[in-house]
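In what follows, a single structure is set out as structure tokens and then discussed.
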Amino acid sequence: MIGTLTRLAAVPPAEAAELFARWRHDSEYSRLLDADPQGVETPAQVRRRLEDYEPGDMVRFLIRLVADDRAIGFVNIWPNWHHREAWIGIGIGDAADRGKGYGTDAMRLALRFVFDELEMERASLGVLADNERAVRSYQRAGFVIEGRQREVDARDGRRWDDLVLGLLR
Amino acid sequence: MTVLEGALVRLSRGRPIEQDVSLRLKWDRDTQYQRLLDSEPPRLTNEATMRKDSADQGLPDNKGFGFGIRALADDRLLGFTYLSIASWVHRDAWVAIGLGARDDWGKGYGTEAMRLTLRFAFEELNLHRVTLSVFGNNARAMRSYEKAGFRPEGRMRGAMRRDGERIDIVYMGVLRSEFSWRDGGGA
């Protein structure tokens, strides 16, 4: 669970809730993360969600830097046990921490967890097609583009595509 | 003319579970049908549970629109379609369809029921796009969806496991601008 730049760590609800609520407040981050309309949540609301979740349905990690232990993002993994396939979500909270290889490093750790710990046979993820930096990072981690959902998102008065990427064991 | 009626079938109110519980129970016991319909393992349910679920889920809401499929010839219940709104903001929905009895497959009922569901999605709900997924080994369904207007948009390699083999899941989509009821021969 330790890479060259990052490590996957447990998610302490109080610390993570503060960070997740702050990151979500940033519309650039929020729009890169998913297609939901901008929402705002208090740290207390996020904390309740973190404390409620059932391990087994979903695995949560915080991404911490090896150098100074700072929490810079998260990885969520949704395993489908009977088909041995998992979906992965990842986010790097502060713009200043993007483009430094942290996300790619953390994704490689997540994949190692998915394939070597959960014994999955496939990993999948979805991404906004215009998020080229993310797509490049996923490709560096081994993912292949498998499909394009045309015009699936509406934003700023026009339509945008999503990509689906997959990686086989 | 009604937007919910074609040349072979009509979409009827509510899902089959609300129209004919015994038929729905029979379809649910058919595991080959279940395997074509869904990647989840079959979950058998008894009549009482199904009636209760039906009462709980049958209320109209803005999250999903379920229909029965009935043959125009004899009003027989053939199957269902279900349009599930992925997002009103993005005006995108997922669609599912099933025809319960083998004898009713390959006769154009499904294709027409899908086209009626798309007409409802685009002309009544004013959606921009409808998405579905289909298993890579279900060539008959894919042909039907293409006839209804869908295009393949991606193939998730080996996304599920059946009888020891990895099976692809194919994603298909249709945009409002690509769909025309008339061009498909509809009234």
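Every chain is numbered from 1, with letters handed out A, B, ... down the list of sequences.
Transitive grouping of hydrophobic side chains (ILVMFWY, heavy atoms separated by less than 4.5 Å) keeps A:Met120 and A:Leu168 in distinct clusters. Hydrophobic clustering of Ile, Leu, Val, Met, Phe, Trp and Tyr side chains at less than 4.5 Å, counting indirect connections, unites B:Leu23 with B:Tyr82. Grouping the Ile, Leu, Val, Met, Phe, Trp and Tyr side chains by contacts below 4.5 angstrom, directly or via other members, places A:Trp87 apart from A:Leu163. In this structure, A:Val75 is a member of the same hydrophobic cluster as A:Met1, with clusters built from ILVMFWY side-chain heavy atoms closer than 4.5 Å. In the hydrophobic clustering of this structure, A:Phe61 groups with A:Leu5; members are Ile, Leu, Val, Met, Phe, Trp, Tyr whose side-chain heavy atoms approach within less than 4.5 Å, directly or through other members.
Summarising the geometry, atom CD belonging to A:Glu85 is positioned 6.5 Å from atom CD1 belonging to B:Ile169; distances are rounded to the nearest 0.5 Å.
Closest approach of A:Arg150 to B:Gly173, counting heavy atoms only: NH2-O, 3.2 Å. B:Pro41 and A:His82 get closest at one heavy-atom pair: CD-NE2, 3.3 Å.
Residue A:Trp81: no heavy atom, backbone or side chain, is found under 4.5 Å from chain B. Both the backbone and the side chain of B:Arg157 have a heavy atom closer than 4.5 Å to some heavy atom of chain A. Only the side chain of B:Thr131 comes within less than 4.5 Å of a heavy atom of chain A; its backbone N, CA, C and O stay farther away.
Side-chain contact between B:Arg161 and A:His83: present, with at least one pair of heavy atoms (C-beta onward) separated by less than 4.5 Å. Between A:Glu151 and B:His90 the shortest side-chain heavy-atom distance does not fall below 4.5 Å.
The candidate with the highest count of non-hydrogen atom pairs below 4.5 Å against chain B, out of A:Asp36, A:Asn80, A:Val152, is A:Val152. Looking only at heavy-atom pairs under 4.5 Å with chain A, the residue among B:Met156, B:Glu40, B:Met172 that has the most is B:Met156. The residue among A:Ala35, A:Ser124, A:Pro37, A:Gly166 with the most heavy atom pairs within less than 4.5 Å of chain B is A:Ala35. In terms of non-hydrogen atom pairs under 4.5 Å with chain A, the most contact-rich of B:Arg166, B:Arg155, B:Arg151, B:Arg162 is B:Arg166.
The 12-atom threshold is exceeded at CD of A:Glu51, counting heavy atoms of other residues, nucleotides or ligands nearer than 6.0 Å. No more than 12 heavy-atom neighbours from other residues, nucleotides or ligands sit within 6.0 angstrom of CD on A:Glu132. Atom CG of B:Leu72 has more than 12 heavy atoms from other residues, nucleotides or ligands within 6.0 Å.
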